Amino acid sequence: MNSVIIHGQSHRGSTWHIAETLAKQVGGPVTSFMLPRDFSAFCVGCNQCFMKDEKRCPHYEQLAPITEALNRADLIILASPVYVYHATGAMKAFLDHYAYRWMLHRPDPEMFFKQGVVISTAAGSGTRSANKDMADSLSFWGISHIEKIGVNVRAVSWETVPSEKKTEISKKVGRAARRIQKRAGRVKPGFKTKAMFNLMRRISRGGLSETDKAYWQKQGWTGKSRPWKKA
Ligand SMILES: Cc1cc2nc3c(=O)[nH]c(=O)nc-3n(C[C@H](O)[C@H](O)[C@H](O)COP(=O)(O)O)c2cc1C
């Protein structure tokens, strides 16, 4: 399996260790990016990606290596420490750049056949909301199978995570890796994803902008074709 990890921080702490261990256990090549080290731009709200073309985004070139890695990956891992109950600002700023890829706009049909993982660690609480911040993007990109790993590590560094906690983490990661391997090569979009796509299709009525309209027509989604089946 080809994996990509987007780390929502630029240091190698608890979250980094869990994400890298999971990817290693799943097996296959792994490409990792750290934020803001590898991408630090904020969306400027120009709407060019929605209305015209994502290539008009002022950060398109800067983002391209990550976009290409996401496109190549079978498994997308988004990992972030919990900062004030949510994913880091760096992760949020990164995800904002792919709003045009949400199902309502121009989802990449390949996404419907990928797997996703969201990982967050907190000292005490907040992993549920941080994981939701990241899982929302994965599911609206079209990914059905999303593993969620949230751990309250009771520490602020990997070195000080209690050993019994590390054992618990190792078991959790092992179980998730096995489930991911089991699904490898036979990922199909689930009922919820298909229903969501069909709802978005009704809301957008074949595309909210001229660019979206042309995209939906080219994909055949205004007719009988769907991302998971050709007409
Ligand atoms: C700015 C900031 C905000 C944080 N907010 C929370 C929080 O809301 N809840 C919590 O339990 N821990 C919070 N923490 C602690 C970290 O989430 C926790 O130590 C995490 O495991 C760090 O992961 P890392 O080792 O990958 O950096 C915060 C830490 C920082 C630096």
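When a residue number appears, it is its place in the shown sequence, counting from 1. Treat the numbers as computed from the prediction; the structure is a model and nothing was measured. Worth knowing before you read on, the calculation uses all heavy atoms, side chains too, and leaves out hydrogens, waters and symmetry mates. Just follow the structure's listing: the first ligand is 1, and inside any ligand the first atom is 1.
- Phe39 has its side chain out of reach of Phe33: every pair of non-hydrogen atoms, C-beta onward, lies at least 4.5 Å apart.
- Between Phe94 and Tyr98, the ring planes lie perpendicular to each other; the angle is over 60°, past the 30° to 60° tilted range.
- Closest to atom 5 (N) of ligand 1, if we only count protein heavy atoms, is Val84 N, 2.9 Å.
- By the 4.0 Å heavy-atom criterion, Ser125 is counted among the residues contacting ligand 1.
- Protein heavy atom nearest atom 31 (C) of ligand 1, with residue, atom name and distance: Tyr83 CE1, 3.7 Å.
- We find that Glu20 and Arg12 are not joined by a salt bridge, their nearest charged nitrogen and carboxylate oxygen being 4.0 Å or further apart.
- For ligand 1, the atoms sitting less than 4.0 Å from at least one non-hydrogen atom of Thr15 are 23 (O), 24 (P), 26 (O), numbered in the order shown with element in parentheses.
- For atom 18 (C) of ligand 1, the nearest protein heavy atom (residue, atom name, distance) is Ala123 N, 3.5 Å.
- A salt bridge links Asp212 with Arg106: at least one charged nitrogen is closer than 4.0 Å to a carboxylate oxygen.
- Atoms of ligand 1 lying under 4.0 Å from any heavy atom of Ala155, numbered from 1 in the order shown and given with element: 18 (C), 19 (O), 21 (O).
- Residue-ligand proximity, Gly13 to ligand 1, at heavy-atom distances under 4.0 Å covers atoms 25 (O), 26 (O).
- Set against the non-hydrogen atoms of His11, the atoms of ligand 1 under 4.0 Å away are 24 (P), 27 (O).
- Short contacts between ligand 1 and Thr121, defined as distances under 4.0 Å to a heavy atom of the residue, involve ligand atoms 17 (O), 20 (C), 21 (O), 22 (C), 23 (O).
- The nearest heavy-atom contact from the protein to atom 25 (O) of ligand 1 is Ser14 N, 2.8 Å.
- Distances from atom 4 (C) of ligand 1 to the heavy atoms of Val156, Val82, Asn152 put Val82 nearest.
- The existence of a salt bridge linking Glu168 and Lys171 is excluded, since no basic side-chain nitrogen approaches an acidic carboxylate oxygen closer than 4.0 Å.
- Every atom of ligand 1 is numbered from 1 in the order shown, and the set under 4.0 Å from a heavy atom of Val153 is 21 (O).
- Ionic pairing of Glu147 and Arg183 is present here: one or more N-O contacts between side-chain nitrogen and carboxylate oxygen are shorter than 4.0 angstrom.
- Ring pair Trp216/Phe197: centre-to-centre distance below 6.0 Å.
- Atom numbering of ligand 1 starts at 1 in the shown order; those under 4.0 Å from a heavy atom of Gly124 are 10 (C), 11 (O).
- Taking the centre and axis of the six-membered ring of Trp158, the NZ or CZ atom of Lys166 falls inside the cone set by 45° and 6.0 Å.
- Looking at Phe112 and Ile143, their side chains never come closer than 4.5 Å, going by heavy atoms from C-beta outward.
- For ligand 1, the atoms lying closer than 4.0 Å to a non-hydrogen atom of Tyr85 are 7 (C), 8 (O).
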